[in-house]
Structure formats: C-alpha cells, structure tokens
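Following: one structure in structure tokens, then a few remarks.
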Amino acid sequence: MPIIHHHEPINCLVAVRGHPFDRTAFDAIFQSLEGISATMVDQPAAARLMSPDGMRGFDVLVLYDMPGLDFEAGEGAPAYLDPEPGVKEGFRALLEQGTGVVALHHALAGWPLWADYHDWLGGQFLYHPGKVRGREMPDSGYRHEVTHSLSVVDPVHPVTAGLPASFTFTDELYLASVFEEDVTPLLRSDARFDDGAYWSADLAVRGHMHSADGWSHPQGSNLVGWAREVLASRLVYLQPGDGPSVYDDPHYRQLVGNAIRWTAARPD
C-alpha cells in the first residue's frame, strides 16, 4: 500500500471528555504532527457534530472520548445512556461518505448501548457485566502502569510505517472484548491478558479500586492496534494512550499521525 501524501493540511475533529486526561499534554501530540491540524471539542457538543454537515471541513474524526456513561448517576453508576436523537444516523452517514475515524484508548468504552458503534470500532470495554454481540460477558479489566513490549504485526501497513519491529510503552492496558475476526491486526502486546493480571472495572466504579475479588474474565486478546474498513471509511483503533508518558513517546506520535493520514485517504 503506498503512503498517501496530502498537500493540504489534514483537519481533525478530536472528540474528548468522559474520562480524565491531561489536555495540554494530549494536545501536544497533534501540535507535533506535520501537516495535521486538530480541533478539540468536548462531549456532548462533539456528538452533535458527528454528521456530514457537522464535520464539513474536517477530514478525520479522532475519538478520545467516553460518551454514553453517566458517572454521577448514584447507585449503579455509571448509568448507560443512549445517544441523543440523530447521532446514530449522523455517524453512520459519516462512514457512508468515507470520513476517516481514529479511535484511541478509552473510546472503546463509549456508547455502551450502541451495538453498531462497537461493531465498527472492533471491540468493547464494559463497566458492568452485559452482553457483547449477544454473549453474556463480565465487566472488563484494567491495569495502570504496565510496562510492555508492542510488536508490529503488519510492517507494510501505512499505519505502522517507519516504526521499529518492537518498542516499549508503560501504559494502562485493558482486558476487554476484541473482535479479531473483523479487523486487520497491526500491533500485539507481550503483556498478560488474563484475569489474574487486571482489576475489575465494575468493582472500581463501586468504590473498590484495584480489586478483583470474586471477578473472573475469559482470556483476552493481545491485539492492541488494528485497522479496518467500515462502510466507505477507514478506521483505526489504538489501545495505547492513557497519559503523558505515552503521549510524549515518538513511536506513539508516529502511530497516531500515520493512522490519521491513512484514514484521511478514502478506500478505493
């Protein structure tokens, strides 16, 4: 696959909010990427722009948000919320017109009630036990500050172009559902993806941080980066990206820049 060279700047709408993050350090990723400009928009305003009209003038939608979850809901929080009217139709229309999507890290947990969204993304992180593609699943697992080695699965793919065969991040990892059969694998991790190495998300939101008491989860996938074509669009999901130690890493910045450039070019 040839590298696509854009002479015009690539304009990205970057949807944020729903999960705490260092805004200045995150924005520095995009400031460092040549030929790419980014406009950060907080949810819920960002969702209202996720349509062909709302995204007019933008080439790529970058998701670093976690909408559809109300962490202030009291008992049973986070409550799961449906998108506002028109959001589902607008997002589908974006994919039908070929707008690129790059989803990062906790975006895998967004819109938990919207099955198509997770089919498009290629996986789902659950805060509560629930159904994923008709199968009952426990809540997902998380673990902060894991030092792990990532290996490039597909060195000729434009998203991994210029990266070494392997590199190391210290980052948060997830034990969650990955729809491997639907995606093109790009990056695999040498970390453990079993419930002995993770904490329960449901216990965490119920006030028991860093606990796995009584929790179990099926063996997970070590796939932490993938690409796919969805309707008329290209989509990339990158699981890394919890905080500044990864934001500042040149390999991560290269990955994000490559993903934006690849998704900006519509499939043939």
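Residue indices begin at 1 and follow the sequence shown.
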Pairwise distance CD1(I260) to CD1(I36) - rounded to 0.5 angstrom = 4.5 Å
Who pairs with D42 by side chain to side chain donor-acceptor pair (under 3.5 Å), at least two apart in sequence or on another chain?
-> R23
Can you check whether V159 reaches D154 side chain to side chain, under 4.5 Å on heavy atoms?
-> no
Quick one: side-chain hydrogen bond (donor to acceptor under 3.5 Å, both in side chains) pairs with a partner in residues 106-115, sequence neighbours left out?
-> none
By salt bridge (charged side-chain N to carboxylate O under 4.0 Å, His left out), D213 pairs with (sequence neighbours left out) none
Do any N or O atoms from the side chain of Y237 and from the backbone of H105 form a donor-acceptor pair under 3.5 angstrom?
-> yes
Check the pair T263, V101 against side chain to side chain contact (heavy atoms under 4.5 Å, CB included), reporting the backbone distance first and the verdict last.
-> CA-CA 6 Å; T263 59; V101 178; over 6 Å; no
Quick one: closest heavy-atom pair of P185 and L223, and the distance?
-> CB-CD1, 3.5 Å
Do you know which two heavy atoms are closest between V236 and A227, and how far apart they sit?
-> CG2-CB, 4.2 Å
Heavy-atom check, side chain of D116 versus side chain of F91, under 4.5 Å = no
Side chains of E172 and Q239: does their closest heavy-atom pair fall under 4.5 Å?
-> no
With respect to L235, which candidate in V183, V230, L61 satisfies the side chain to side chain contact (heavy atoms under 4.5 Å, CB included) definition?
-> V230
What residues form a ring-ring contact (aromatic ring centres under 6.0 Å, His included) with H128, not counting sequence neighbours?
-> Y80
Keeping the roles fixed (side chain from Q254, backbone from A161), state whether a donor-acceptor pair exists under 3.5 Å.
-> yes
Could you check Y252 against D171 for side chain to side chain contact (heavy atoms under 4.5 Å, CB included), going step by step and ending with a plain yes or no?
-> CA-CA 11 Å; Y252 187 66; D171 197 18; over 6 Å; no
Decide yes or no for L63 and M50: does some side-chain heavy atom of the first lie under 4.5 Å from some side-chain heavy atom of the second?
-> yes
V178 side chain near W226 side chain, heavy-atom distance below 4.5 Å | yes
Here the side-chain hydrogen bond (donor to acceptor under 3.5 Å, both in side chains) pairs for residues 176-185, sequence neighbours left out, are R133-E181, R133-D182, E180-R188, E180-S221
Can you list the residues that meet the side chain to side chain donor-acceptor pair (under 3.5 Å) rule with T99, with sequence neighbours excluded?
-> Q97
Under 6.0 Å between ring centres, would you say that holds for F71 and Y127?
-> yes
Side-chain donor/acceptor of D190 to backbone N/O of S149, under 3.5 Å | yes
Determine whether L173 and Y198 make a side-chain contact, defined as any pair of heavy atoms from C-beta on separated by less than 4.5 Å.
-> yes
For the hydrophobic clusters of this structure (ILVMFWY residues joined by side-chain heavy atoms under 4.5 Å, transitively), does one cluster hold both F125 and L175?
-> no
Judged by atom type as modelled, is there a donor-acceptor pair below 3.5 Å linking the side chain of D195 to the main-chain atoms of S216?
-> no
Non-hydrogen side-chain atoms of R261 and N258 separated by less than 4.5 Å = yes
With D139, which residues qualify under side chain to side chain donor-acceptor pair (under 3.5 Å), at least two apart?
-> S200, W215
Partner set under ring-ring contact (aromatic ring centres under 6.0 Å, His included) for H144, not counting sequence neighbours = Y142
Is it the case that one hydrophobic cluster holds both V41 and F30, taking links as side-chain heavy atoms less than 4.5 Å apart, direct or via other members?
-> no
So, do F169 and V224 sit near enough that their side-chain heavy atoms are less than 4.5 Å apart?
-> no
Taking only residues two or more places apart in sequence or in another chain, which ones pass ring-ring contact (aromatic ring centres under 6.0 Å, His included) with F21?
-> F26, Y64
List the steps and the verdict of side chain to side chain contact (heavy atoms under 4.5 Å, CB included) for Y174 and S140.
-> CA-CA 7 Å; Y174 297 151; S140 299; over 6 Å; no
Identify, with sequence neighbours excluded, every residue that meets salt bridge (charged side-chain N to carboxylate O under 4.0 Å, His left out) alongside D70.
-> none
Got a list of side-chain donor-acceptor pairs under 3.5 Å for residues 10-18, not counting sequence neighbours?
from: N11; atom 1: OD1; to: S37; atom 2: OG; distance (Å): 2.6
from: N11; atom 1: ND2; to: G57; atom 2: O; distance (Å): 3.4

Indicate yes or no for a side-chain donor-acceptor contact from Q219 to the backbone of F193 under 3.5 Å, with no hydrogens or angles considered.
-> yes
Taking every heavy atom of A197 against every heavy atom of R143, the minimum-distance pair comes out as O-NH1, 3.1 Å
Are any side-chain N or O atoms of S245 and backbone N or O atoms of T170, one a donor and one an acceptor, separated by less than 3.5 Å?
-> yes
Just jot down the side chain to side chain donor-acceptor pair (under 3.5 Å) partners of R192, sequence neighbours excluded, or say none.
-> D194
Please report the closest heavy-atom contact between P240 and L150, naming both atoms and the distance.
-> CG-CD2, 4.0 Å
Could you tell me whether the side chain of Q124 and the main chain of P112 form a donor-acceptor pair under 3.5 Å?
-> yes
Is it true that a side-chain atom of R234 and a backbone atom of R228 form a donor plus acceptor pair closer than 3.5 Å?
-> no
